[in-house]
Protein chains: 2
Amino acid sequence: MTGHENLWMRPERPARGPRPSFSRAALADAAIRVADAEGLEAISMRRLAADLGAGTMSLYRYVTSKDEVLDLMVDTAVREYLPEDQQPPGDWVEGLRLLAWQARRTMLRHPWLAPLAAARPQVGPNSARLTETALGMLDGLGLSIDEMLTFVGAVFAYVNGYTQGELVEAEATRRSGMTLQQRLAQHISYIQSLIATGEFPMLDRMTKEAGRHFMSSDERFAYGLDRLLDGLAASLRARGAADGPAGSR
Amino acid sequence: MTGHENLWMRPERPARGPRPSFSRAALADAAIRVADAEGLEAISMRRLAADLGAGTMSLYRYVTSKDEVLDLMVDTAVREYLPEDQQPPGDWVEGLRLLAWQARRTMLRHPWLAPLAAARPQVGPNSARLTETALGMLDGLGLSIDEMLTFVGAVFAYVNGYTQGELVEAEATRRSGMTLQQRLAQHISYIQSLIATGEFPMLDRMTKEAGRHFMSSDERFAYGLDRLLDGLAASLRARGAADGPAGSR
DNA sequence: ACATACCGGGTACCGTGTACGCAATAGCGC
DNA sequence: GCGCTATTGCGTACACGGTACCCGGTATGT
């Protein structure tokens with residue numbers, strides 16, 4: 001109960017004793033390298049230790065569990081969400097849009113990030129900076145903190161949900177070692193068998209029109225994101241007369 | 001290469017040989033029971049076999065891997081997304097809203113569902129029925145299939161992202177065996193230490209206003225969902241003059 | 001009736017996270 | 001400078017997970 005049960009509160013380097021031969025950051029970087037190259041399932045304590053030229057159990061001097069390694073990875077990667085320069089455009093819509101795109105780009109660059117970030121509480125310093133930045137963009141609009149969190153939460157829910165869903169197919173293909181063609185052929189032949197029952201007219205149209213996809217994944221993402229931002233902005237505009245985003249109630 | 005490499009195309013019960021002593025559905029139900037009661041990490045082949053009164057390796061007569069068990073679980077649970085009666089309201093906005101709520105309710109009822117569904121390709125028959133139903137709601141509005149998929153994809157991206165994020169805290173609390181108070185206390189004291197640096201004015205306001213949360217999780221969800229649907233509807237209305245959801249370009 | 005194709009499940013193997021203990025090391029107080 | 005002690009590095013060992021393989025029994029088609 002000394003308050004050190006949390007990874008982020010635990011001091012990395014105590015005063016006494018021999019120098020640690022690497023750092024948490026190095027551990028996180030090594031893990032990210034492995035996951036980027038070979039996927040999340042390639043990450044094991046033995047593997048990381050080997051990559052760092054250390055014994056397996058040595059890692060536990062830096063981290064109390066594998067879970068904490070994953071926490072480190074997430075928070076390290078989340079730093080890439082944040083824009084380099086100070087203030088982007090002054091408009092909050094532009095600001096949130098930029099943040100959303102930055103998050104999406106990062107998750108596509110690190111395909112392991114989306115599932116990992118979605119599955120564990122975000123608590124690290126970079127996650128905190130992200131929240132701070134996002135809330136800061138909504139400051140001065142007359143929103144309460146609670147309402148700001150609702151706005152930001154909605155945008156990130158969409159970004160995470162969309163991007164994670166998009167990555168699933170790609171990852172499944174990579175993991176199974178099949179070509180995209182092979183996987184598609186499988187799905188198609190199965191869907192054909194469903195269509196044959198006559199209960200799936202829309203899926204039927206889907207396969208018939210499948211040749212010409214008008215929108216790329218980026219365009220679809222942008223479209224949904226912009227609609228959501230439209231809706232939020234409209235609701236904010238309507239606030240002058242009414243009482244707030246919560247509606248009446 | 002006989003086309004049986006896909007779970008959903010593989011016949012469950014071949015003609016010859018002794019009767020199987022249970023079914024895939026029973027396997028899925030048992031797994032869902034375990035996961036509902038003890039969480040996803042309690043699911044192992046040995047455990048499921050024991051619950052079914054079977055030998056561990058017998059499960060592999062019904063399924064080629066644990067992954068397929070998870071696929072069965074997801075598709076079985078996804079059936080609960082679908083409304084019981086035939087046609088809900090005729091309005092597509094009401095239809096999608098209903099579907100979104102049904103998905104949310106189901107994911108809250110089965111806390112293991114959101115991460116699982118998000119992490120694997122949706123291919124089962126109930127997922128197909130879901131897509132069919134959702135697309136059917138958008139039929140007759142002058143949208144192409146591609147555009148309909150964009151609409152539906154946006155809504156489900158939001159629903160999945162929001163609900164999964166919401167479940168993370170609850171699950172982490174359950175898994176760690178701590179009370180919510182203990183976990184909160186940990187977070188709070190850490191956040192306090194960040195605020196002490198002076199770099200997090202918004203987080204500071206957050207903790208100060210934390211006492212009065214105006215919106216429940218359901219209300220936040222509803223708010224974001226309704227804004228997204230607003231945006232989609234407005235864009236559809238604007239289609240008469242312009243060229244389509246893709247905007248100009 | 002008999003061959004065949006399937007079922008049940010025991011045994012065994014490998015890979016995983018990690019508890020534990022011991023030797024080596026660096027900073028502190030004298 | 002000299003021990004004392006907190007800390008590090010890490011080998012060993014264990015429990016637990018998925019699943020390949022194999023054998024003996026059983027229901028169906030000929």
Side-chain angles (χ1 to χ4, degrees), chain A residues 2 4-5 7 10-28 30-31 34-35 38-73 112 116 119-120 175-177, chain B residues 2 4-5 7 10-28 30-31 34-35 38-73 112 116 119-120 175-177:
Chain A
T2 57
H4 286 187
E5 53 279 331
L7 166 63
R10 203 159 49 233
E12 176 159 17
R13 176 136 157 40
R16 296 274 260 291
R19 302 289 194 64
S21 38
F22 52 98
S23 67
R24 278 184 199 161
L27 180 50
V34 172
E38 301 169 46
L40 198 54
E41 76 276 10
I43 291 209
S44 76
M45 298 306 263
R46 289 173 228 268
R47 171 64 195 277
L48 290 183
D51 273 32
L52 285 164
T56 305
M57 293 313 290
S58 302
L59 302 193
Y60 286 89
R61 295 291 172 190
Y62 299 85
V63 125
T64 67
S65 68
K66 182 183 178 179
D67 252 35
E68 287 194 346
V69 176
L70 302 182
D71 284 339
L72 284 176
M73 291 174 67
W112 46 268
L116 219 54
R120 64 193 51 242
R175 220 185 296 260
S176 70
Chain B
T2 57
H4 287 186
E5 54 277 330
L7 166 64
R10 204 160 47 234
E12 175 159 17
R13 180 146 154 32
R16 297 275 260 290
R19 301 290 194 65
S21 39
F22 51 98
S23 67
R24 276 184 200 161
L27 179 50
V34 172
E38 301 170 46
L40 198 54
E41 75 276 10
I43 292 211
S44 75
M45 297 306 265
R46 290 174 228 263
R47 171 66 196 277
L48 290 182
D51 272 33
L52 286 163
T56 305
M57 293 313 290
S58 302
L59 302 193
Y60 287 89
R61 297 286 171 192
Y62 300 83
V63 126
T64 67
S65 68
K66 182 183 178 178
D67 253 35
E68 287 194 347
V69 176
L70 303 182
D71 284 339
L72 284 175
M73 291 173 68
W112 46 268
L116 219 55
R120 64 193 50 244
R175 221 185 296 261
S176 70

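Naming: A, B, ... by sequence-line order, numbering from 1 per chain.
- Contacts of T56(B) with the nucleic acid, taken as non-hydrogen atoms under 4.0 Å apart, include base atoms.
- Proximity of Y62(A) to the phosphate of dG9(D): a side-chain N or O atom is located under 4.0 Å from OP1 or OP2.
- Using a 4.5 Å cut-off on side-chain heavy atoms (C-beta onward), D71(B) and V63(B) make no contact.
- Taking 4.5 Å as the limit, every side-chain heavy atom of L48(A) sits out of range of all side-chain heavy atoms of K66(A).
- Candidate nucleotides dC10(D), dT28(D), dG18(D) were compared by shortest atom distance to the side chain of R16(B), and dT28(D) ranks first.
- Judged by closest nucleotide on DNA chain D, M57(A) is the one of M57(A) and E41(B) placed further toward the 5' end.
- Protein atom CZ of R46(B) is 15 Å distant from nucleotide atom P of dG9(C), rounded to whole Å.
- For the pair R24(B) (side chain) and Y62(B) (backbone), a donor-acceptor distance under 3.5 Å is present.
- Straight-line distance from the CE atom of M45(B) to the P atom of dA20(D): 10 Å, rounded to whole Å.
- Rounded to an integer number of Å, the gap from E12(B) CD to dC6(C) P is 15 Å.
- Within 4.0 Å of A49(A), counting heavy atoms only, lies no atom of the nucleic acid at all.
- For dG8(C), the OP1/OP2 oxygens have a side-chain nitrogen or oxygen of S21(B) closer than 4.0 Å.
- Residue whose closest nucleotide on DNA chain C sits further toward the 5' end, between T64(A) and R61(A): T64(A).
- Residue R19(A) is classed as a sugar-phosphate contact, given heavy-atom separations below 4.0 Å to backbone atoms only.
- Within 4.0 Å of S58(B), counting heavy atoms only, lies at least one base atom of the nucleic acid.
- One can place CZ of R24(A) at 10 Å from P of dT8(D), the figure rounded to the nearest angstrom.
- If you measure from atom CD of E68(B) to atom P of dG18(D), you get 14 Å, rounded to the nearest angstrom.
- Under the rule for a side-chain hydrogen bond (donor to acceptor under 3.5 Å, both in side chains), R46(A) has no partner lying at least two apart in sequence or in another chain.
- If you take NZ of K66(B) and C1' of dG17(D), they are 8 Å apart, rounded to a whole angstrom.
- Residues L52(A) and A26(A) share a closest heavy-atom pair of CD2-O, 4.1 Å.
- Following rounding to the nearest Å, Y60(B) (OH) and dG10(C) (P) show an atom-to-atom distance of 15 Å.
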